[in-house]
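Take a look at the structure set out below.
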Number of protein chains: 2
Amino acid sequence: MNLKQLSEYLNLSQTTVSRALNGYPEVNEDTRTRVLKAAHELNYRPNTRAKGLATGRALAIGHVIPVSNQHEMVNPVFGDFIAGAGESYAKAGYDMMLSLVADQDEARAYQDIRARGTVDGIIVHGPVINDVRIALLSGIGLPFVVHGRSTDVNLAYSWIDVNNRGAFERGTQFLIELGHRRIALLNGLEHMDFAFRRRKGYETALQNNALSIDPDLMRSEEMTEIYGYRATKAMLGYEDPPTAIVCSSIITAIGARRAIHEAGLTLARDVSIITFDDALSYLENGDDVPIFTALRSSVRYAGREAAEMLLSLISVPMNAPKTRLLEAELIIGRSTGPAPT
Amino acid sequence: MNLKQLSEYLNLSQTTVSRALNGYPEVNEDTRTRVLKAAHELNYRPNTRAKGLATGRALAIGHVIPVSNQHEMVNPVFGDFIAGAGESYAKAGYDMMLSLVADQDEARAYQDIRARGTVDGIIVHGPVINDVRIALLSGIGLPFVVHGRSTDVNLAYSWIDVNNRGAFERGTQFLIELGHRRIALLNGLEHMDFAFRRRKGYETALQNNALSIDPDLMRSEEMTEIYGYRATKAMLGYEDPPTAIVCSSIITAIGARRAIHEAGLTLARDVSIITFDDALSYLENGDDVPIFTALRSSVRYAGREAAEMLLSLISVPMNAPKTRLLEAELIIGRSTGPAPT
DNA sequence: CACTGCATCCAAAGCGCTTTGGAGTGATTC
DNA sequence: GAATCACTCCAAAGCGCTTTGGATGCAGTG
């Protein structure tokens, strides 16, 4: 069932049927209802490709996920972010397109996306420090919103981010106020912008309290469980081990907890953990009393907002870049306690 | 840069340029190389929508993720599955399209997808017992591959699945051979086909060994960490608590482990855990020695295979349905030991 | 009554590509 | 020397939609 068939069935021109369906004024209300009724009954759906060709709009948003060769893993927060974004797209009638792009040929990939015209805009995932994609996309002229920011990029661009620096400063400060002096940081990969900012926040808190920054207490890796376990195990073996750990991911925190248990130590009493918590749906941080004291910010919410930001950017093309900084809340759970004496 | 401009630049017809680019024989090799060179230099990419309109193929695959209202969470294995599928698509030049579909209006959603013509085929996620989508899609005539199977559906359809029943029978048998008699099952939601099969496998092993099936030892919920924790905590409070637990997800197993620790018990010595392990990239089950004894099958691999299955189904339309049953391997880790006496 | 203006409708062009049905050329065959 | 053939190339139609630029009919106006 296509437009032509539908219009023949209705004894109307394609023009009129098209206008009736798309809500244009130059069509009699009676005919419009007649058209809508027939379209519904005959289960007519306009062909997306044809519509896109004619209008120049794709009614789709692209999500580009960089996949590096060394660590080709999909970030665990990705699923929740997508779920959030998907809600917004569904409401607006947009499709969601995923591309996994090897990070060595990103430039080509974005050119491709643009030239092939499959999407009206894209969400940029996993920005790194001084991310070249931002200049690239600005040049290409394809609307985009970055999930996160990119330090050292001086262009104006749209982004939605969590206040990573503020959150980690606050979390570290919280531990310091509990009397901790040896505080470790299990960070994500620090060429990633979010991780870089988190370290800055951590360092700021230490400096504000005249505590020294010890490179032996700082790790930076892909945020897996096993990483949390290994790093914690190693550090607990130090002569002067940390009494508290700041984690960049709840998964890493789980690994850290495992190492603490295995060492025969007790969480909160012997070693405290504070972690960033993306509020992943399948890794809920406890219920009434959180398992981990955490800096929480829902990545699903961020996805929803990012999508809406992009859609509004697309609908009003010459709009100035939009930005949005989300604050993470500090929630007290059962993984922190005063420093052991 | 479109075909017309490119052909004018080359002083050739669009026909010839198109043929040169698409590898048709009726074009001189010299002109072909000339065309390819120019296309490369001028960064020409055919417009996907136009190409799709002309060929009737979308060069895209749809992934439909059911989102129920009660538990609107994205399955954590989804990210890895997608990553695997994405690899196959990228190689074949296909795009990947995601749709989140509320499960009450699935029928419409699939009709929509078909009529709008945005994809050439779809991957069906999260099949339930007697899943109506299979009949629906067969009727619609859109190629599809199911990730999993659907018990009670008598149509022939393409699927890729893990031998869930066999895996859980084997895992349970393994525990029985270690001397365990009180074995709990922390399953996923049992209207989901995979969970239903897993329970069957678990029950079969018990029956084969003349052990009774105790409903108090069987739980069925969304496979979160907190679920594993709560269920385990509750069961450890029984007069006759389980000495071993079979988990449907490593995340749930982590929750179970937390409850075991909290009860002052030791994993493997006091309580054993065996879990299904989808080999998620960010939840690696240890390294040389796995944390959990597990039934392992890479969901990422499944994604890659599912995608290839679908692509071959599309390229040879009248192909008979393909099926593929993956076996999970039993890997021995540090979470199981002989039953305490 | 001729004219204007509004409300409805339509034919046809165009979006960027593929593909059908030739057309032109030179070489080969008898 | 005419006929045949393989090799290259092209013009134009068509995919299913939107949108421009009218055409038509009818009420209102002076």
Side-chain angles (χ1 to χ4, degrees), chain A residues 1-36 38-39 42-60 93 95 111-120, chain B residues 1-36 38-39 42-60 93-95 111-120 315:
Chain A
M1 170 60 53
N2 57 24
L3 227 210
K4 194 177 172 197
Q5 296 169 330
L6 181 61
S7 63
E8 280 165 1
Y9 170 83
L10 285 162
N11 277 318
L12 286 169
S13 73
Q14 295 190 38
T15 311
T16 304
V17 176
S18 170
R19 293 192 151 144
L21 291 173
N22 292 310
Y24 283 79
E26 53 274 85
V27 49
N28 189 302
E29 277 309 312
D30 289 348
T31 40
R32 187 194 301 278
T33 51
R34 198 161 68 91
V35 169
L36 288 174
L42 300 181
N43 245 306
Y44 167 78
R45 301 276 190 304
N47 180 296
T48 310
R49 290 191 300 267
K51 190 164 186 159
L53 234 205
T55 58
R57 308 201 309 146
L59 286 180
D95 284 325
Q111 301 274 20
D112 258 53
I113 289 174
R114 167 67 206 227
R116 297 187 344 195
T118 36
V119 300
D120 296 323
Chain B
M1 169 61 52
N2 57 25
L3 228 210
K4 195 177 171 198
Q5 296 170 329
L6 181 61
S7 63
E8 279 165 1
Y9 169 84
L10 284 162
N11 276 321
L12 286 168
S13 73
Q14 296 189 37
T15 310
T16 303
V17 177
S18 171
R19 291 192 151 141
L21 292 173
N22 292 309
Y24 283 79
E26 52 274 85
V27 48
N28 188 302
E29 277 310 314
D30 290 348
T31 40
R32 186 193 301 281
T33 50
R34 197 162 67 91
V35 169
L36 288 174
L42 300 182
N43 245 303
Y44 167 77
R45 300 278 187 302
N47 180 297
T48 310
R49 290 192 302 266
K51 189 163 186 163
L53 234 204
T55 58
R57 308 200 311 145
L59 286 181
Y94 272 69
D95 283 326
Q111 300 274 20
D112 258 54
I113 289 173
R114 168 67 206 227
R116 299 189 339 198
T118 35
V119 300
D120 296 324
S315 67

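Note: hydrogens, waters and symmetry copies are ignored here, and every other heavy atom, side chains too, is used. The structure displayed is predicted, hence computed values, not measured ones. In what follows, every chain begins at residue 1, and chains take the letters A, B, ... in the order their sequences are listed.
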[X] [atom1] to [N] [atom2], straight-line distance once rounded to whole Å:
X: A:L10; N: C:dC9; atom1: CG; atom2: C1'; value: 14 Å
X: B:L21; N: C:dG16; atom1: CG; atom2: C1'; value: 13 Å
X: A:K4; N: C:dA11; atom1: NZ; atom2: P; value: 12 Å
X: B:R45; N: C:dC17; atom1: CZ; atom2: C1'; value: 16 Å
X: A:N28; N: C:dA7; atom1: CG; atom2: P; value: 11 Å
X: A:L53; N: C:dG14; atom1: CG; atom2: C1'; value: 10 Å
X: A:L59; N: D:dG16; atom1: CG; atom2: P; value: 18 Å

Expected rows: protein N/O vs nucleotides 18-21 of chain C N/O, under 3.5 Å:
unit_1	atom_1	unit_2	atom_2	d
C:dT18	OP1	B:N22	ND2	2.9
C:dT18	OP2	B:S18	OG	2.5
C:dT19	OP2	B:Y24	OH	2.7
C:dT19	O4	B:T15	OG1	3.1

Ignoring hydrogens and geometry beyond distance, is a side-chain donor-acceptor pair present between B:S13 and B:T16 at under 3.5 Å? yes

Ignoring hydrogens and geometry beyond distance, is a side-chain donor-acceptor pair present between B:R45 and B:N47 at under 3.5 Å? no

A:R32 atom CZ, neighbour heavy-atom count above 12 within 6.0 Å: yes

Criterion side chain to side chain contact (heavy atoms under 4.5 Å, CB included) on A:K51 and A:N22, from CA distance to verdict: CA-CA 11 Å; A:K51 190 164 186 159; A:N22 292 310; 3.6 Å; yes

With the side chain of B:S13 defined as its heavy atoms from C-beta on, choose the nearest nucleotide among C:dG16, C:dA11, D:dC10. D:dC10

Inter-axis angle, terminal five-pair segments of the helix from C:dC1-D:dG30 to C:dC30-D:dG1 [nearest 10°]: 60°

Check every strand shown and say whether A:R57 touches a base, only sugar-phosphate, or nothing at a heavy-atom separation below 4.0 Å. nothing

Looking across every strand, which nucleic acid part, if any, lies under 4.0 Å from A:D30 by heavy atom: base, sugar-phosphate, or nothing? nothing

Closest non-hydrogen contact found for B:R49 with A:L53 is NE-N, 3.5 Å

Under 4.0 Å between a side-chain N or O of A:N47 and OP1 or OP2 of D:dC17? no

Check whether any side-chain nitrogen or oxygen of B:N2 sits under 4.0 Å from OP1 or OP2 of C:dG16, and answer yes or no. yes

